[in-house]
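Below is a structure I'd like to ask you about.
The structure displayed is predicted, hence computed values, not measured ones.
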Amino acid sequence: MFKIDLKNRKPIYEQVIENFRRLIISGRLKEGDRVPSVRDMARELNVNPNTVQKAYRELEARKYFYTVLGQGSFISAPPEETGEIDALLEQLHAIVRELIFRGKSKDEIVIFIEETGGQNDKR
């Protein structure tokens with residue numbers, strides 16, 4: 001489920017964050033799914049619980065998680081923050097321009113986007 005590379009220069013807590021983001025964005029973890037406890041996750045990854053706690057706090061701050069006292073942490077509904085969405089769209093725009101510059105056709109890019117849509121396609 002998780003890929004932690006102890007030889008990677010990226011801190012372990014950031015790797016935990018990226019793993020959760022990947023699973024949420026791909027639809028493998030859905031809104032309302034319970035997240036393993038900090039202790040269970042630390043045991044599974046064989047890392048310090050403080051490292052996992054730091055990742056969980058960051059995921060909650062980014063609104064990927066929410067916590068219910070006495071019950072644990074859960075996957076949040078996707079936030080509808082216009083500023084963040086606008087920033088992501090601008091990044092996508094820059095990437096599309098770069099792909100076109102490097103020889104990809106509009107049709108190839110559209111096909112890729114349609115294939116990537118998968119679980120979260122809201123059409």
By side chain to side chain contact (heavy atoms under 4.5 Å, CB included), E14 pairs with (sequence neighbours left out) K10, P11

Who are the side chain to side chain contact (heavy atoms under 4.5 Å, CB included) partners of R21, not counting sequence neighbours? I17, E18, I25, L59, R62, Y64

For residues 92-106, run the donor-acceptor check on the side chains, cut-off 3.5 Å, and write out each pair with its distance to 0.1 Å, sequence neighbours left out.
| unit_1 | atom_1 | unit_2 | atom_2 | d |
| --- | --- | --- | --- | --- |
| H93 | ND1 | R97 | NH1 | 2.5 |
| E98 | OE2 | R102 | NE | 2.5 |
| E98 | OE2 | R102 | NH2 | 2.9 |
| S105 | OG | E108 | N | 3.0 |
| S105 | OG | E108 | OE1 | 3.4 |

ring-ring contact (aromatic ring centres under 6.0 Å, His included) filter on F2, not counting sequence neighbours, yields F20

Show me the pairs that pass ring-ring contact (aromatic ring centres under 6.0 Å, His included) and involve residues 23-53, at least two apart or across chains. none

Apply side chain to side chain contact (heavy atoms under 4.5 Å, CB included) to S76 and list each qualifying residue two or more places apart in sequence or on a separate chain. Y66

For Y13, enumerate each residue passing the ring-ring contact (aromatic ring centres under 6.0 Å, His included) test, keeping only those at least two apart in sequence or located in another chain. none

Heavy-atom closest contact (A55 atom, V16 atom, distance): CB-CG1, 3.6 Å

Does any N or O in the side chain of K63 come within less than 3.5 Å of the main-chain N or O of E60, such that one atom is a donor and the other an acceptor? no

Note, F74 side chain near F65 side chain (heavy atom, < 4.5 Å): no

Can you sort out the partners of L69 under side chain to side chain contact (heavy atoms under 4.5 Å, CB included), two or more places apart, ordered by chain and number? none

In this structure, would Y56 and V68 fall into the same cluster of hydrophobic residues linked by side-chain contacts under 4.5 Å? no

Side chains of residues 39-46: which donor-acceptor pairs under 3.5 Å do they make with residues two or more places apart or in other chains?
| unit_1 | atom_1 | unit_2 | atom_2 | d |
| --- | --- | --- | --- | --- |
| D40 | OD1 | R43 | NH1 | 3.0 |
| D40 | OD2 | S37 | OG | 3.2 |

Could you tell me which residues satisfy side chain to side chain donor-acceptor pair (under 3.5 Å) with R22, sequence neighbours excluded, listed by chain and number? N19

Can you tell me how far apart CD1 (I109) and CD (E114) are? Round to the nearest 0.5 Å. 12.5 Å

Does S73 have any side chain to side chain donor-acceptor pair (under 3.5 Å) partners at least two apart in sequence or in another chain, and if so, which? T67

Which pair of heavy atoms, one from N8 and one from Q15, lies closest together, and at what distance? CB-NE2, 3.6 Å

Going from CD1 on I24 to CD1 on I75, what distance comes out if it is rounded to the nearest 0.5 angstrom? 3.5 Å

